[in-house]
Amino acid sequence: MLLVANWKMHGDRLMCDALCQAFRKATWPADLKVVICPPSLYIPQCAQALQGSDLAWGAQNVHDVASGAYTGEVSAPMLVDWGCTHVIIGHSERRAGFAEDDAWVVQKCLAAWSVGLTPIVCVGESAKARDEGATAAVIQGQIEPLMPHLSKDNPLVIAYEPIWAIGTGQAATPEQAQSVHALIRSELTQIDEAFAKSTPILYGGSVKVANAASLFAMPDIDGALVGGASLDAESFIQIGALCKA
Ligand code: PGA
């Protein structure tokens with residue numbers, strides 16, 4: 001299973017050190033991969049703190065161009081330079097606040113793959129779309145543009161994050177999440193069965209210690225993308241302990 005911490009725009013040097021040290025000291029399930037995504041300014045600090053451990057680190061965003069006049073942006077080669085293995089792409093907060101559309105998500109994934117980074121592509125419907133019965137159409141619409149680019153050489157992680165569940169305390173039920181995860185898995189069989197099986201599909205949106213086990217019990221939930229609860233060492237470590245084999 002895969003457990004990803006998304007610290008969003010939280011923390012300072014003290015917090016990064018405290019969390020990295022706690023995560024280093026923790027005992028994680030043997031077959032669990034853990035990826036920490038701090039704010040980009042703190043990636044070098046976390047890289048140094050996590051170096052030599054089993055924990056990996058990544059970024060919350062990347063630009064699609066390798067270098068150039070893009071004030072304020074960070075490129076994929078820069079992330080690799082600091083040892084990142086993963087990058088979150090298309091989080092709903094970036095889609096809503098920074099005009100990141102499906103076409104740009106594809107460009108960012110291509111930039112990530114070109115340097116060996118694994119994209120963690122976020123998909124998810126709004127409350128309105130769910131109420132209108134449009135969940136499947138939204139998810140399919142977000143995944144379709146990626147399909148021509150996927151292959152075993154261009155692997156990805158998909159995070160299903162219903163917008164109404166992010167930071168609200170109201171997670172999707174295990175059944176709601178499972179039905180979308182199964183849809184995503186079946187979309188991926190268009191590449192081939194092996195690709196669909198080997199692609200981790202994470203659930204994200206108000207994951208906490210109290211709901212993690214029931215979500216992880218679902219057959220198509222391969223782990224979690226955790227926001228708020230990843231800022232509390234004890235909670236995040238406990239969520240890790242609940243990851244099934
Ligand atoms: P949350 O955030 O766990 O705080 O709901 C998840 C995310 O946005 O990745």
Side-chain angles (χ1 to χ4, degrees), residues 1-11 15-16 19 23 32-40 42-43 46 55-62 84-100 105 108-109 112 117-127 129-130 135 138-139 142-143 156-174 176-178 180-181 184 200-216 218 221-243:
M1 288 187 80
L2 175 63
L3 186 63
V4 181
N6 176 11
W7 289 351
K8 309 194 178 182
M9 196 175 71
H10 291 292
M15 187 204 83
C16 291
L19 288 175
F23 295 162
L32 174 67
K33 185 165 182 61
V34 180
V35 181
I36 310 299
C37 299
S40 57
Y42 295 105
I43 288 172
C46 291
L55 299 148
W57 54 94
Q60 301 171 16
N61 180 36
V62 68
C84 290
T85 54
H86 291 71
V87 57
I88 298 170
I89 294 176
H91 190 284
S92 62
E93 288 153 13
R94 296 208 56 85
R95 290 178 189 261
F98 301 89
E100 213 165 292
V105 166
K108 289 178 177 218
C109 286
L117 277 171
T118 302
I120 301 170
V121 175
C122 300
V123 298
E125 81 288 2
S126 64
R130 176 161 283 267
T135 299
V138 169
I139 304 300
Q142 289 170 330
I143 289 178
L156 85 173
V157 174
I158 295 181
Y160 169 53
E161 297 209 315
I163 296 168
W164 47 270
I166 296 174
T168 60
Q170 188 205 342
T173 65
Q176 283 172 325
Q178 167 57 29
V180 176
H181 282 231
I184 295 169
I201 306 175
L202 310 182
Y203 170 77
S206 297
V207 173
K208 39 188 182 257
V209 177
N211 59 25
S214 57
L215 287 160
F216 295 156
M218 293 290 128
I221 297 185
D222 303 318
L225 177 54
V226 185
S230 72
L231 295 164
D232 177 68
E234 206 179 311
S235 297
F236 190 64
I237 292 164
Q238 278 186 47
I239 291 168
L242 295 168
C243 287

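All ligand and atom numbering here is 1-based and tracks the order in the structure. For reference, positions follow the sequence shown, starting with 1. As a basis for the values below, the full set of heavy atoms in this structure was taken, side chains included, without hydrogen atoms, waters or symmetry mates.
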Task: Subset of ligand 1 atoms that lie under 4.0 Å from at least one heavy atom of G205 - done: 5 (O)
Open item on the list: Tell me whether ligand 1 is touched by G204 - counting only heavy atoms on the residue side and a distance under 4.0 Å.
Closed with: no
Task: Within reach of ligand 1, part of N6 (heavy-atom separation under 4.0 Å) - done: side chain
Task: All pairs passing side chain to side chain donor-acceptor pair (under 3.5 Å) where residues 201-216 contributes a residue, at least two apart - done: none
- [ ] Below 4.0 angstrom from a heavy atom of L225, which ligand 1 atoms are there? Numbered from 1 as shown, please.
- [x] 9 (O)
TODO: Please state whether K208 comes within less than 4.0 angstrom of ligand 1, counting heavy atoms only.
DONE: no
Task: Geometric N/O contact V226 with ligand 1, under 3.5 angstrom - done: no
Task: Close-contact set for ligand 1 against G228 heavy atoms, below 4.0 Å - done: 1 (P), 3 (O), 4 (O)
- [ ] Looking only at non-hydrogen atoms, find the nearest pair between E161 and C122 and report the distance.
- [x] OE1-SG, 4.2 Å
- [ ] Name all residues meeting the ring-ring contact (aromatic ring centres under 6.0 Å, His included) criterion together with H181; count only those two or more places apart in sequence or in a different chain, and write none if there are none.
- [x] Y160
- [ ] Find all atoms of ligand 1 within a distance of less than 4.0 Å from any non-hydrogen atom belonging to H91, and give their numbers and elements.
- [x] 7 (C), 8 (O), 9 (O)
- [ ] Report yes or no: does S206 have a heavy atom closer than 4.0 Å to ligand 1?
- [x] yes
Task: Sub-3.5 Å N/O-N/O distance, A229 and ligand 1 - done: no
- [ ] For C84 and L117, work out which heavy atoms get closest and say how close.
- [x] O-CD2, 3.3 Å
